Amino acid sequence: METAANAAPAAVIVAIDGPSGTGKSSTSKSVAAQLGLSYLDTGAQYRAITWWMVSNGIDVTDPSAIAAAAGKPEIVSGTDPSAPTITVDGTDVAGPIRTQEVTSKVSAVSAVPEVRTRITELQRSIAKSAQRGIVVEGRDIGTTVLPDADLKIFLTASPEARAARRSGELKGVDVAATREALIKRDAADSGRKTSPLAKADDAVEVDTTELTLKQVIECVVTLIEEKRAAK
Ligand SMILES: Nc1ncnc2c1ncn2[C@@H]1O[C@H](COP(=O)(O)OP(=O)(O)O)[C@@H](O)[C@H]1O
Ligand SMILES: Nc1ccn([C@@H]2O[C@H](COP(=O)(O)OP(=O)(O)O)[C@@H](O)[C@H]2O)c(=O)n1
């Protein structure tokens, strides 16, 4: 039998939200790997359902067509932070979900309430089954998906820093065009009626503009360790 002295630490649920390019994915993966937690990229799930809609000829400018199809694809997320996976109906879509086409259409699909209800249920069930705890990153995790999370972080950074980071990844893509596309997507994600991108009242805001990725990771690990110690 385990005693209090050698018992495994209690499962910890961490929500990391914020706009594109603030460092959510890199921070969440690294923190989860360091602390032995699971990891869930909820943006990848919205991208996956968008990829399926586009691939199946659904008109993504028509919310009723999106709503009618929202229950059809089966989306499965692998939660190992060192090798996260995403499949749709058994097909690995990790590459196709990152195309410009999917990126430009994902905000319209993710704004449809039927899509959000379905994906939110999936996210809650994944978080519940993570025995050691999980880091979940997205836009509405602290506000809507996991309002009882042990720790909520809201990452921000200037549009210039975010655009420079993103265009550094997408080789050859212009920084100014990337900045405009990011600002447009932020506005759509923040302005939608159902669970918009927003900071939860009890989230810790971290501005990453002037921080290195290593500093952001250290900051989040420290906050989690403080929460665990207080549990
Ligand atoms: N603090 C930081 N300083 C510099 N580059 C960063 C920082 N945080 C993340 N990056 C880089 O910016 C890019 C976008 O980061 P990512 O974690 O994918 O952001 P998000 O998930 O919020 O969109 C990646 O190439 C990542 O390595
Ligand atoms: N919890 C979430 C996560 C993502 N999303 C949507 O999914 C899109 C892609 O999210 P992402 O995290 O992959 O975006 P990037 O930060 O990689 O650019 C966002 O622009 C939102 O429209 C959402 O609505 N809710």
Side-chain angles (χ1 to χ4, degrees), residues 15-32 39-51 53 60 66 75 77 81 84 86 93-94 97-113 115-120 122-124 126-127 135-146 149 152-171 173 175 178-179 181-198 200 206-220:
I16 303 193
D17 290 301
S20 182
T22 51
K24 297 181 304 297
S25 293
S26 348
T27 304
S28 302
K29 270 189 272 192
S30 176
V31 165
Y39 159 72
L40 179 62
D41 176 355
T42 64
Q45 297 176 313
Y46 286 104
R47 286 172 176 275
I49 198 164
T50 303
W51 172 84
M53 298 273 169
V60 297
I66 296 171
I75 296 166
S77 299
I86 180 105
V93 293
I97 63 170
R98 305 283 163 197
T99 60
Q100 286 291 101
E101 183 179 23
V102 170
T103 301
S104 66
K105 292 179 171 161
V106 62
S107 293
V109 173
S110 72
V112 174
V115 169
R116 299 208 74 80
T117 303
R118 170 126 201 270
I119 302 285
T120 297
L122 181 61
Q123 292 161 354
R124 288 185 179 143
I126 292 170
V135 182
V136 183
E137 55 130 327
R139 302 289 191 286
D140 62 337
I141 311 306
T143 54
T144 307
V145 178
L146 301 167
K152 300 177 186 178
I153 310 276
F154 193 80
L155 297 182
T156 63
S158 69
E160 289 69 28
R162 298 192 286 122
R165 291 173 189 173
R166 273 275 173 264
S167 46
E169 283 177 330
L170 311 166
K171 306 233 168 354
V173 177
V175 182
T178 306
R179 183 179 177 279
L182 285 184
I183 289 173
K184 200 171 154 207
R185 191 145 57 93
D186 288 353
D189 292 340
S190 306
R192 68 177 172 234
K193 281 210 178 81
T194 312
S195 56
L197 160 65
V206 180
D207 183 343
T208 71
T209 309
E210 303 290 339
L211 300 178
T212 63
L213 179 56
K214 189 164 173 270
Q215 287 173 318
V216 181
I217 293 165
E218 278 168 7
C219 166
V220 175

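Position 1 is the first residue of the sequence, and the numbers go up from there. Indexing begins at 1, ligand by ligand and atom by atom, following the structure's order. Note that the coordinates shown come from a computational prediction; the quantities given were computed from them, not determined experimentally.
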Worksheet item: Any idea which protein heavy atom is nearest atom 19 (C) of ligand 2, and the distance to it?
Response: D189 OD2, 3.3 Å
Discussion item. Please work out, at 4.0 Å between heavy atoms, whether the side chain, the backbone, both, or neither of Q215 comes within that distance of ligand 1.
Written reply: neither
Item to complete: Identify the protein heavy atom lying closest to atom 6 (C) of ligand 2, giving its residue, its atom name and the separation to 0.1 Å.
Response: S110 OG, 3.7 Å
Worksheet item: Looking only at N/O atoms, are L211 and ligand 1 under 3.5 Å apart anywhere?
Response: yes
Worksheet item: Relative to ligand 1, is A157 under 4.0 angstrom through side chain, backbone, both or neither, heavy atoms considered?
Response: neither
Worksheet item: Which bit of T27 gets closer than 4.0 Å to ligand 1, counting heavy atoms only: side chain, backbone, both or neither?
Response: neither
Discussion item. Within the structure, is a non-hydrogen atom of Q123 found at a distance of less than 4.0 Å from ligand 2?
Written reply: no
Item to complete: Note the single closest protein heavy atom to atom 1 (N) of ligand 2, along with its residue, its atom name and the distance in Å.
Response: D140 OD1, 2.8 Å
Worksheet item: With a 4.0 Å cut-off on heavy atoms, is Q45 touching ligand 2?
Response: no
Worksheet item: Is P19 near ligand 1, meaning one of its heavy atoms is under 4.0 Å from it?
Response: yes
Item to complete: Please write down residue, atom name and distance for the protein heavy atom closest to atom 12 (O) of ligand 1.
Response: R165 CB, 3.2 Å
Worksheet entry | Test item, G21 contacting ligand 1 (heavy atom, 4.0 angstrom) | yes
Discussion item. I'd like to check which ligand 2 atoms, numbered from 1 as shown, lie under 4.0 Å from a non-hydrogen atom of G138.
Written reply: 1 (N), 3 (C)
Item to complete: Return yes when R162 approaches ligand 1 closer than 4.0 angstrom through a heavy atom, no otherwise.
Response: no
